[in-house]
Amino acid sequence: MRLQDELRSILQGDVDTTEETLQSHSHDASLFGLKPSTVIFPKDVHDIEALVRFVNEKKDTYPNLSLTARAAGTDMSGGPLTDSVSVSFTKYMNHTWEVNESEMYARVQPGVYYRDFEKVILPEHLSLPCFPASKSLAAMGGMVANNCAGERTLRYGKMSRFVDELKVVLSDGNEYVVKKLNREELETKKSQDTFEGRVYRDMHSLLEKHYDSIQAAKPDVAKNSAGYALWDIYDREAGTFDLTQLFVGSQGTLGLWSEARIRLVHEKPEKKLAVLFFDSWKEVPNVVNHILPLDPESIETFDDATLKLGLRFMPQIAKKTGVSLASFAFRFLPEVLVGIKMLGLPKLIMLVEFAEDTEEEINAKLRELEVAVKPYPRVIMKSLHRESDADKYWTMRRESFSLLRKKVSNKRTAPFIDDFCVKPEYLPEFLPKVFAILKSHGITATLAGHAGEGNFHIIPLMDLSRKTERDKIPVVLEKVHNLVFSYKGTMTAEHNDGLIRSPYLEQMYGEHIYGLFVETKRIFDPHNIFNPGKKVFSNLDFAMAHIDHE
């Protein structure tokens with residue numbers, strides 16, 4: 001019996017090997033192409049349990065058999081790509097089971113698109129504020145798997161802060177509930193003569209034995225998605241033990257989650273946006289340091305290349321905002337006036353959004369912001385009092401990568417240095433060095449990101465059909481990563497490791513901590529059935545061989 005026929009005999013969901021489905025699951029938003037052998041659409045958690053047991057039983061017969069979870073496929077690192085079995089959740093496991101307004105939580109499945117989830121929670125005046133820029137496309141599975149973050153993370157934090165509980169199918173094929181435990185609950189888990197008990201015993205032993213070195217290894221940056229977040233699991237002083245902090249951001253390499261309890265926040269009723277125009281990066285750190293005490297929801301940034309892209313594709317952006325092209329174009333009159341004053345387009349645009357309970361609170365903060373930027377005469381500030389005026393900036397910021405992927409002829413987006421994070425005070429020195437590396441290799445790029453956290457997305461534009469262009473990638477990767485690490489930064493704050501960054505985790509953390517990542521993988525996944533080649537046991541040559549260059 002063929003593998004696919006065996007799978008059909010044990011599952012209620014779909015087992016699909018049509019070329020159309022395999023091709024649609026062979027790409028995400030990264031620069032890779034990797035076609036699965038089979039795509040499975042599980043109906044429920046019982047399908048997932050049966051699938052995991054099947055893979056364990058058949059591993060000797062099919063040594064390369066593995067399971068890689070996939071939700072919306074918007075990952076930029078190659079995280080959900082596989083040449084074995086892709087487990088796709090958006091078709092059936094796409095329900096929001098509960099929204100509790102009084103206790104401010106929701107229960108969701110991994111296949112729920114964020115755009116659909118938002119429609120359910122916003123009428124209750126609730127929000128999940130860590131949504132990524134791709135919120136119109138992303139799904140909850142990837143948001144949890146990558147420990148997502150976005151424009152409002154500055155105030156609220158990353159996804160890991162909002163996952164209170166997960167139901168996870170581990171490598172023994174059983175579903176378990178994972179949540180924060182106190183000392184007594186942890187001891188109860190460890191006392192079990194089960195696979196779950198062994199996981200808790202082994203993980204507690206690993207974290208206790210290496211506690212100090214693990215805590216010291218946590219990157220000293222605003223946010224980080226590289227490796228496994230071992231430092232966030234065990235609080236020795238408080239006696240708490242929380243494996244949700246390990247699973248969030250693990251890219252499906254330790255198990256497959258089937259349901260999550262997500263903490264929500266009340267949406268602030270009043271919002272206003274201030275736009276700052278800079279003619280250089282020089283003043284950015286000082287201005288950011290003045291802004292942060294005002295507690296904005298967002299400090300977002302994009303460069304003149306992104307602005308030019310927005311102007312070039314104004315019809316598409318106008319369509320996104322739902323207004324006529326003429327009306328949308330008129331809204332750019334302030335940029336024209338700023339350009340005249342600066343004798344050219346601004347080099348950098350910063351979006352500072354305030355959200356509060358009253359308009360008076362916001363207006364007070366806007367006045368404080370005006371005072372804060374006054375010592376910098378080359379920084380021009382404009383407050384936007386209408387939501388429609390703010391839409392053009394947010395649409396440009398959120399849609400720039402999508403436009404690049406679809407509209408730039410002869411070149412394509414090549415996100416391989418797209419998510420570094422360093423302390424904001426290093427940016428005026430650090431960013432020119434990054435662009436100097438790119439320039440020395442003849443690579444052009446756009447820049448956007450989160451200035452308040454020192455996290456930026458540099459997206460090279462390259463003709464990947466040419467081998468000489470593809471050959472630049474590992475060279476530039478090494479140089480940029482060396483630069484990031486020399487500034488004690490992380491190579492990925494939000495987008496995670498996947499195929500592109502996993503090979504550099506040992507360099508980033510050192511042999512000892514990387515060895516603990518390997519041991520963690522072995523504790524949870526002794527037969528390496530969950531998303532192999534990501535986080536640990538990765539191979540840069542394999543990744544380079546699967547760059548999509550057609």
Side-chain angles (χ1 to χ4, degrees), residues 52 56 67 69 144-147 158-161 163-219 224-261 496-497 502 505-506 509-532 534-537:
V52 172
N56 276 319
L67 304 172
V144 171
N146 283 339
N147 193 11
K158 298 185 67 179
M159 189 75 187
S160 56
R161 287 193 183 181
V163 178
D164 288 336
E165 181 179 294
L166 289 171
K167 292 182 179 179
V168 184
V169 178
L170 297 182
S171 62
D172 66 339
N174 293 312
E175 183 187 56
Y176 301 97
V177 175
V178 175
K179 61 182 180 180
K180 182 182 284 190
L181 306 177
N182 59 31
R183 284 189 177 91
E184 293 75 18
E185 291 168 331
L186 174 60
E187 291 305 315
T188 299
K189 290 285 189 185
K190 288 167 57 181
S191 68
Q192 297 176 140
D193 187 21
T194 61
F195 180 77
E196 182 188 33
R198 181 169 68 79
V199 164
Y200 275 98
R201 287 192 297 274
D202 290 351
M203 282 304 300
H204 181 252
S205 175
L206 181 147
L207 296 172
E208 181 66 60
K209 181 178 179 181
H210 303 282
Y211 190 84
D212 292 338
S213 60
I214 287 172
Q215 295 303 315
K218 183 176 183 178
N224 172 57
S225 286
Y228 292 124
L230 300 181
W231 35 82
D232 290 331
I233 302 169
Y234 177 41
D235 186 328
R236 182 190 279 170
E237 185 175 339
T240 57
F241 197 90
D242 188 358
L243 287 179
T244 65
Q245 300 303 294
L246 176 62
F247 278 99
V248 176
S250 64
Q251 288 200 307
T253 58
L254 306 176
L256 300 178
W257 72 271
S258 56
E259 185 180 308
R261 175 174 159 140
N496 221 286
D497 298 312
S502 292
L505 283 171
E506 186 169 3
Y509 287 105
E511 182 179 359
H512 173 62
I513 297 299
Y514 179 76
L516 299 182
F517 293 164
V518 171
E519 184 59 25
T520 298
K521 172 72 168 176
R522 286 174 174 156
I523 289 170
F524 280 90
D525 187 16
H527 303 300
N528 198 25
I529 66 172
F530 294 125
N531 205 9
K534 320 293 167 55
K535 296 290 185 180
V536 296
F537 311 130

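- Between K535 and K521 the shortest side-chain heavy-atom distance does not fall below 4.5 Å.
- I214 places a side-chain heavy atom less than 4.5 Å from the side chain of L206.
- Put simply, the side chain of L207 reaches to within 4.5 Å of the side chain of F241, judged on heavy atoms.
- Among all heavy-atom pairs drawn from F537 and V518, the shortest one is CZ-CG1, 3.6 Å.
- Looking at residues two or more places apart in sequence or on another chain, you find a side chain to side chain contact (heavy atoms under 4.5 Å, CB included) between D232 and K218, A229, Q245.
- Between Y176 and L243 there is no side-chain heavy-atom pair separated by less than 4.5 Å.
- Distance alone, capped at 3.5 Å, is enough to place a donor-acceptor pair between the D497 side chain and the G227 backbone.
- Side-chain atoms of T520 come within 3.5 Å of backbone N or O of L516 as a donor-acceptor pair.
- Contact check for R261 versus K179: no side-chain heavy atoms found under the 4.5 Å cut-off.
- Of the inter-residue distances, the one linking S171 atom OG with N528 atom CG reads 10.5 Å to the nearest 0.5 angstrom.
- Rounding to the nearest 0.5 angstrom, the gap separating the CD1 atom in I523 from the CZ atom in F195 is 9.5 Å.
- Put simply, CG on L170 and CG on D172 are 6.0 Å apart, with the number rounded to the nearest 0.5 Å.
- A heavy-atom distance below 4.5 Å is found between the side chains of W257 and V144.
- Contacts of K189 classified as side chain to side chain contact (heavy atoms under 4.5 Å, CB included), with partners at least two apart in sequence or in another chain: L181, Q192, E196, Y200.
- The heavy-atom pair separating A260 from L166 by the smallest distance is CB-CD2, 3.5 Å.
- With T253 contributing its side chain and N531 its backbone, the two residues share no donor-acceptor pair below 3.5 Å.
- Judged by distance alone, with hydrogens and angles left aside, the side-chain atoms of D525 form a donor-acceptor pair with the main-chain N or O of F530 at under 3.5 Å.
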List the steps and the verdict of side chain to side chain donor-acceptor pair (under 3.5 Å) for D242 and T240.
CA-CA 7 Å; D242 188 358; T240 57; over 6 Å; no

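- Under the side chain to side chain contact (heavy atoms under 4.5 Å, CB included) criterion, N146 pairs with D75, Q251, N496, not counting sequence neighbours.
- Side-chain contact check for R236 versus D212: some heavy-atom pair is nearer than 4.5 Å.
- With values rounded to the nearest 0.5 angstrom, E187 atom CD is found 11.0 Å from R201 atom CZ.
- For the ring-ring contact (aromatic ring centres under 6.0 Å, His included) test, residues two or more places apart in sequence or in another chain that qualify with Y509 are W231, F517.
- Partners of A69 by side chain to side chain contact (heavy atoms under 4.5 Å, CB included), not counting sequence neighbours, listed by chain and number: F89, L256.
- Using a 4.0 Å cut-off between a side-chain N of Lys or Arg and a carboxylate O of Asp or Glu, K180 and E185 do not qualify as a salt bridge.
- Residues forming a ring-ring contact (aromatic ring centres under 6.0 Å, His included) with Y211 (at least two apart in sequence, or on another chain): Y234.
- Expressed to the nearest 0.5 Å, how far CZ of R183 lies from CG of D235 amounts to 8.5 Å.
- Taken to the nearest 0.5 Å, the CZ atom of R198 stands 10.0 Å off from the CZ atom of F524.
- For the pair S250 (side chain) and F247 (backbone), a donor-acceptor distance under 3.5 Å is present.
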Decide side chain to side chain contact (heavy atoms under 4.5 Å, CB included) for M203 and L230; before the verdict, give the C-alpha distance in whole Å, the side-chain angles of both, and the deciding distance to 0.1 Å.
CA-CA 10 Å; M203 282 304 300; L230 300 181; 4.3 Å; yes

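- The two residues G252 and A145 make their nearest non-hydrogen contact at N-CB, 4.4 Å.
- Listed for the N147 side chain is a donor-acceptor partner under 3.5 Å among the backbone atoms of M159.
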